[in-house]
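Below: the structure, in structure tokens.
For this chain, numbers begin at 1 and follow the sequence in order. Just so you know, ligand 1 is whichever comes first in the structure, and atom 1 is the first atom listed for that ligand.
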Amino acid sequence: MKRALDSNLLSPLPIVLIGSLVDDRPNFLVIGYSAPFDFGKHLFFSIYKKRYTLKGILEHKTFSVNIPSVELVDKVEICGSKSGRDIDKSQLFEIFYGKLKTAPLIEECPISIECEVVEMLDYGHNYGVIGKVVKSYVDQSCLVEDKLDMRLVKPILWATGGDFNYYHLGERIGAEKPYK
Ligand SMILES: Cc1cc2nc3c(=O)[nH]c(=O)nc-3n(C[C@H](O)[C@H](O)[C@H](O)COP(=O)(O)O)c2cc1C
């Protein structure tokens with residue numbers, strides 16, 4: 001027997017650190033509500049208009065998406081609770097740039113993606129940002145025979161609709177890949 005709840009239970013979601021250049025300084029925030037679509041060629045995330053990171057996204061029309069591993073949870077907590085208006089979050093990480101020169105990428109995150117903004121959906125207090133994936137970067141240590149193994153990335157999973165806490169990725173259960 002199922003119970004009907006009003007909350008969105010599409011969960012868990014991997015949290016990401018979205019980066020932008022605000023007044024020439026890299027800034028990062030935690031985003032829980034993100035998703036790839038168009039079979040991975042585009043991605044989407046929700047951002048409140050008051051976020052400092054949004055300033056850089058609107059200015060340069062670029063941003064980065066970085067997947068932190070569980071070891072980075074303390075820094076993730078800073079990025080998700082303190083605003084770049086009040087502290088300098090650029091000092092938390094080593095930063096590099098790829099093809100786009102205004103999307104700061106995080107060296108310590110095993111996966112980083114640079115994106116160009118293609119659409120901003122106005123939802124009142126927040127925007128839905130749609131980005132085109134320009135390039136993805138992965139730490140060599142997460143590749144097995146040149147293929148990404150997510151167990152080595154150790155992403156932080158966020159239990160939206162549940163206790164809103166962080167979780168580890170579990171074990172692989174499929175012997176063969178179910179879908180490519
Ligand atoms: C688990 C988690 C998920 C979050 N998801 C979002 C989100 O989807 N959209 C958003 O605007 N803020 C989200 N936040 C809040 C921002 O990360 C936070 O307010 C941050 O300090 C804003 O930084 P900034 O002002 O430097 O941009 C989330 C925070 C946490 C801890």
Side-chain angles (χ1 to χ4, degrees), residues 5-37 42-95 97 100 102-133 150 153-170:
L5 301 177
D6 289 332
S7 51
N8 184 340
L9 299 183
L10 181 60
S11 177
L13 299 170
I15 57 112
V16 294
L17 293 168
I18 298 270
S20 74
L21 258 194
V22 190
D23 299 332
D24 294 329
R25 197 175 75 190
N27 195 67
F28 302 94
L29 89 167
V30 175
I31 290 285
Y33 293 99
S34 75
F37 72 105
H42 287 81
L43 54 82
F44 170 91
F45 68 94
S46 290
I47 186 165
Y48 280 104
K49 289 181 179 173
K50 62 183 176 193
R51 303 297 186 228
Y52 189 65
T53 312
L54 180 63
K55 204 170 168 242
I57 297 173
L58 291 172
E59 186 185 337
H60 299 289
K61 303 278 184 281
T62 58
F63 61 89
S64 68
V65 181
N66 304 273
I67 303 183
S69 55
V70 292
E71 286 86 2
L72 289 173
V73 72
D74 291 347
K75 290 187 178 183
V76 164
E77 271 168 8
I78 297 170
C79 290
S81 59
K82 302 262 187 270
S83 176
R85 276 190 199 89
D86 306 317
I87 64 157
D88 180 2
K89 292 191 259 186
S90 70
Q91 298 305 311
L92 291 170
F93 307 105
E94 198 178 314
I95 288 152
Y97 291 88
L100 305 173
T102 52
L105 302 154
I106 299 177
E107 192 67 56
E108 292 91 330
C109 287
I111 293 177
S112 294
I113 304 163
E114 47 180 349
C115 295
E116 275 167 357
V117 174
V118 292
E119 227 174 308
M120 301 286 291
L121 310 175
D122 194 335
Y123 272 73
H125 292 303
N126 66 84
Y127 280 119
V129 181
I130 296 182
K132 180 176 181 287
V133 173
M150 280 314 287
V153 173
K154 296 187 266 172
I156 300 172
L157 305 179
W158 186 45
T160 53
D163 64 2
F164 290 86
N165 217 317
Y166 298 141
Y167 288 83
H168 272 283
L169 178 69

Under 3.5 Å donor-acceptor, E114 side chain and A103 backbone: no
Are S112 and S64 close enough that a side-chain donor and a side-chain acceptor fall under 3.5 Å? no
Just going by heavy-atom distances, which of G19, G80, S46, S20 is nearest to atom 18 (C) of ligand 1? G80
For atom 14 (N) of ligand 1, the closest protein heavy atom turns out to be V30 O, 3.2 Å
I31 to ligand 1: N or O pair under 3.5 Å? no
Provide, to 0.1 Å, the distance between atom 31 (C) of ligand 1 and the closest protein heavy atom, together with that atom's residue and name. Y166 OH, 3.6 Å
So is K89 in contact with ligand 1, going by heavy-atom distances below 4.0 Å? yes
Using heavy-atom distances only, which candidate in N165, V129, T53, I15 approaches atom 27 (O) of ligand 1 most closely? T53
With heavy atoms only and a cut-off of under 4.0 Å, state how N126 meets ligand 1: side chain, backbone, both or neither. neither
Atoms of ligand 1 under 4.0 Å from any heavy atom of Y52, numbered from 1 in the order shown, are 24 (P), 25 (O), 26 (O), 27 (O)
Checking S34 side chain against F45 main chain: does a donor-acceptor pair fall under 3.5 Å? no
Indicate the ring-plane relationship of W158 and F164, choosing parallel, tilted or perpendicular according to the 30° and 60° boundaries. perpendicular
Note: ligand 1 atoms sitting under 4.0 Å from heavy atoms of Y33 are 8 (O)
Within the 4.5 Å heavy-atom criterion, are V70 and Y166 side-chain neighbours or not? no
Under the side chain to side chain contact (heavy atoms under 4.5 Å, CB included) test against F28, which residue among V76, I18, N66 passes? N66
Do K55 side-chain atoms and V22 backbone N/O form a donor-acceptor pair below 3.5 Å? no
At their closest point, which heavy atom of C115 faces which heavy atom of V65, and how far apart are they? SG-CG2, 4.3 Å
CD1 (I47) and CE (M120) are apart, to the nearest 0.5 Å, by 7.5 Å
Show the atoms of ligand 1 that are less than 4.0 angstrom away from any heavy atom in I47. 11 (O)
Selection from R85, H125, K50, K82 by shortest heavy-atom distance to atom 21 (O) of ligand 1: K82
Which residue holds the protein heavy atom closest to atom 20 (C) of ligand 1, what is that atom called, and what is the gap in Å? C79 O, 3.3 Å
List every atom of ligand 1 that sits less than 4.0 Å from any heavy atom of W158, numbering the atoms from 1 in the order shown and giving each element. 1 (C), 3 (C)
Quick one: nearest non-hydrogen protein atom to atom 15 (C) of ligand 1, plus distance? R51 NH2, 3.5 Å
Quick one: does S34 get a heavy atom under 4.0 Å from ligand 1? no
Side-chain donor/acceptor of T62 to backbone N/O of T102, under 3.5 Å: yes
Please determine if G32 has a nitrogen or oxygen closer than 3.5 Å to a nitrogen or oxygen of ligand 1. yes
Taking the side chain as every heavy atom from C-beta outward, state whether D122 and Y127 have any atom pair closer than 4.5 Å. yes
Using a 3.5 Å cut-off on N or O atoms only, is S83 in polar contact with ligand 1? yes
Among all protein non-hydrogen atoms, which one is nearest to atom 26 (O) of ligand 1, and what is the separation to 0.1 Å? G84 N, 2.7 Å
